[in-house]
Amino acid sequence: MAPLPLPRAGEGRGEGAPLGEFALIERYFARPTGERQGIGDDCALIDIGSQTLAITSDMLLEGVHFLPDADPVKLGHKALAVNLSDIAAAGARPRCFLLDLALPSADEPWLAAFARGLFDLAQAHDCTLIGGDTTRAPGRSGAPGVLTIAITAIGEVDRERYCGRSGARPGDDIWVTGRVGEAALALAHRRGQLAIPEPARAECFDRMDRPTPRVALGRALAGTATAAIDVSDGLLGDLGHILERSGVGAALFWPAIPRAAVFDAFPEARRLQCVLAGGDDYELVFTARAADRSAIAGLTGDGVGVSRIGCIESAPGLRLHKGDDVSTPLLDVTLQSFDHFLSPA
Ligand code: ADP
Ligand code: MG
């Protein structure tokens with residue numbers, strides 16, 4: 001059976017075929033760099049004296065990352081949370097952040113609520129707002145402008161313990177924190193594609209609107225994980241970035257991938273789509289030596305534990321097994337993780 005396709009920069013783009021998000025970055029913005037590691041990890045690392053800073057930037061756009069009627073308290077939380085999730089993947093300690101806003105108008109009740117959500121999370125992580133930029137978002141032909149929120153977060157990392165995405169080796173275990181897929185289920189519900197029964201509905205909405213960055217787990221894993229990434233675009237796609245940068249393949253065990261009980265109420269195709277390719281989970285997927293298995297299995301933090309979901313293999317590609325080990329048959333699925341230019345709007 002064919003391995004699952006992995007996202008590969010610049011690959012498979014025939015004449016006239018659309019340019020994907022990662023191929024676009026690779027082609028036009030990747031340049032040799034004097035810094036310790038260039039484009040490609042969740043954070044860039046910069047050495048300053050004996051200190052190493054981890055820096056990341058993520059933006060949220062109305063109509064792309066959130067709906068126009070999104071609760072501003074939750075939006076403030078999420079805008080910082082998605083950045084702290086990249087800080088977590090680097091095993092770093094959050095320090096401070098910059099906030100850039102393009103606002104259609106100076107709506108004070110909205111701003112007060114947004115600031116509350118933002119600073120509640122910032123305080124919980126002892127992460128200080130140190131600057132930014134604010135501008136009005138002009139609309140075209142009388143329409144309101146598009147609300148855009150961009151945050152640059154800065155953390156401190158122990159350079160000896162940093163792993164990035166390129167250190168996975170054959171024989172390593174693959175792990176994921178918490179569970180995946182509920183945010184994607186919430187999105188499908190909001191798009192009217194399905195109905196999530198209560199009380200799971202509120203939980204799924206919460207996963208989508210108020211993700212918890214796994215900062216404590218990320219720091220606990222630093223020094224033991226061989227590679228790590230946060231799951232923002234979907235488990236397979238994000239794990240695919242580790243496989244590509246590490247030059248390895250993987251076997252995943254479908255029953256071992258942690259998901260909420262509510263998925264039992266939906267057909268397998270929906271389960272596979274949400275759990276494997278859904279995105280917006282902000283869990284960490286990471287690899288570690290099999291020798292560290294028992295130490296990792298007991299880890300908890302940020303209110304969740306970790307699950308062992310597969311292993312790294314030398315053969316390229318990603319094989320999804322029906323059972324809990326590599327002797328079980330393969331599931332034949334083709335899924336596309338989220339890509340800003342290849343996924344349907
Ligand atoms: P993440 O989901 O972890 O925020 P992305 O998938 O957005 O990362 O980006 C993948 C990599 O490409 C990251 O290392 C990111 O810093 C880099 N990147 C994204 N956009 C640009 C850009 N316009 N210029 C340079 N690097 C970029
Ligand atoms: Mg990331």
Side-chain angles (χ1 to χ4, degrees), residues 6-11 19-46 52-61 64-66 78-92 94 97-98 100 148-155 157 162-168 175-178 180 183-184 211-215 217-219 221-222 225 227-246 277-287 302 336-343:
L6 294 180
R8 229 170 247 288
E11 190 184 79
L19 182 63
E21 178 184 340
F22 301 104
L24 181 159
I25 296 167
E26 184 73 23
R27 181 164 307 173
Y28 293 103
F29 300 112
R31 292 279 184 282
T33 159
E35 297 302 338
R36 240 162 70 78
Q37 115 292 10
I39 289 173
D41 279 357
D42 291 285
C43 288
L45 295 196
I46 298 183
T52 304
L53 297 181
I55 305 183
T56 183
S57 151
D58 260 308
M59 60 181 162
L60 298 186
L61 264 78
V64 177
H65 300 96
F66 59 90
K78 186 165 180 174
L80 183 58
V82 301
N83 279 277
L84 294 188
S85 179
D86 282 325
I87 292 281
F97 66 104
L98 296 146
D100 300 335
T148 305
I149 308 154
I151 287 184
T152 300
I154 300 170
V157 71
Y162 176 76
C163 66
R165 297 178 180 176
S166 59
W175 300 82
V176 71
T177 62
V180 285
T212 304
R214 307 304 186 196
V215 173
L217 276 173
R219 292 183 67 191
L221 291 167
I229 187 170
D230 72 322
V231 183
S232 53
D233 296 335
L235 180 67
L236 293 191
D238 286 318
L239 174 61
H241 292 307
I242 287 185
L243 302 184
E244 189 183 355
R245 282 176 67 86
S246 298
D280 244 10
D281 296 304
Y282 300 102
E283 297 294 347
L284 301 179
V285 59
F286 62 96
T287 58
D302 311 295
Q336 166 76 54
S337 279
F338 186 77
D339 182 297
H340 278 284
F341 298 97
L342 300 181
S343 298

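Model, not experiment: these values are computed from the prediction. Atoms within each ligand, like the ligands themselves, are counted from 1 in listed order.
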Just distances here: any N/O of Ile39 and N/O of ligand 1 closer than 3.5 Å?
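No; every N/O pair is 3.5 Å or more apart.
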
Please say whether Thr56 places an N or O atom under 3.5 Å from an N or O atom belonging to ligand 1.
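N/O-N/O distance below 3.5 Å does not exist for this pair.
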
Please walk me through it: do Phe286 and Leu217 pass side chain to side chain contact (heavy atoms under 4.5 Å, CB included)?
CA-CA 11 Å; Phe286 62 96; Leu217 276 173; over 6 Å; no

Should you measure from each heavy atom of [X], which atoms of ligand 1 turn up under 4.0 Å away?
| X | value |
| --- | --- |
| Asp58 | 4 (O) |
| Asp42 | 3 (O) |
| Phe22 | 6 (O) |
| Ser232 | 2 (O) |

Taking every non-hydrogen atom, the tightest pair across Ala92 and Val215:
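Minimum heavy-atom separation between Ala92 and Val215: O-CG1, 4.3 Å.
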
Give the minimum heavy-atom separation between Asp230 and Ala89, together with the two atoms involved.
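In terms of heavy atoms, the two residues are closest at N-CB, 3.7 Å.
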
Counting distance only, does the side-chain N/O of Ser85 pair as donor-acceptor with the main-chain N or O of Glu283 below 3.5 Å?
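No, because the side chain of Ser85 does not come within donor-acceptor range (under 3.5 Å) of the backbone of Glu283.
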
Qualifying residue for side-chain contact (heavy atoms from CB on, under 4.5 Å) with Asn83, from Asp42, Asp58, Ile55:
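So the option named by the test is Asp58.
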
For the Mg ion (ligand 2), every protein N/O/S atom that sits closer than 2.8 Å, waters excluded:
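Short answer, with waters excluded from the count: Asp42 OD1, Asp86 OD1, Asp230 OD1.
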
If we set the cut-off at 4.0 Å for heavy atoms, which region of Asp41 has an atom near ligand 1: side chain, backbone, both, or neither?
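Contact part for Asp41 vs ligand 1: backbone (N, CA, C, O).
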
With the side chain counted from C-beta on, respond yes when Arg165 and Ser246 share a heavy-atom pair under 4.5 Å apart, and no when they do not.
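Side chain of Arg165 against side chain of Ser246, heavy atoms only: no contact under 4.5 Å found.
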
Run the numbers on Thr52 and Tyr162 for side chain to side chain contact (heavy atoms under 4.5 Å, CB included), then give the verdict.
CA-CA 10 Å; Thr52 304; Tyr162 176 76; over 6 Å; no

Spacing of CD1 belonging to Ile149 relative to NE2 belonging to His65, to within rounding of 0.5 Å:
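One gets 10.5 Å once the value is rounded to the nearest 0.5 Å.
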
Heavy atom of Arg165 under 4.0 Å from ligand 1?
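True for this residue.
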
Please test Arg214 against Val231 for side chain to side chain contact (heavy atoms under 4.5 Å, CB included), starting from the C-alpha separation and ending with a verdict.
CA-CA 11 Å; Arg214 307 304 186 196; Val231 183; over 6 Å; no

Steps toward side chain to side chain contact (heavy atoms under 4.5 Å, CB included) verdict (Trp175, Leu284):
CA-CA 8 Å; Trp175 300 82; Leu284 301 179; over 6 Å; no

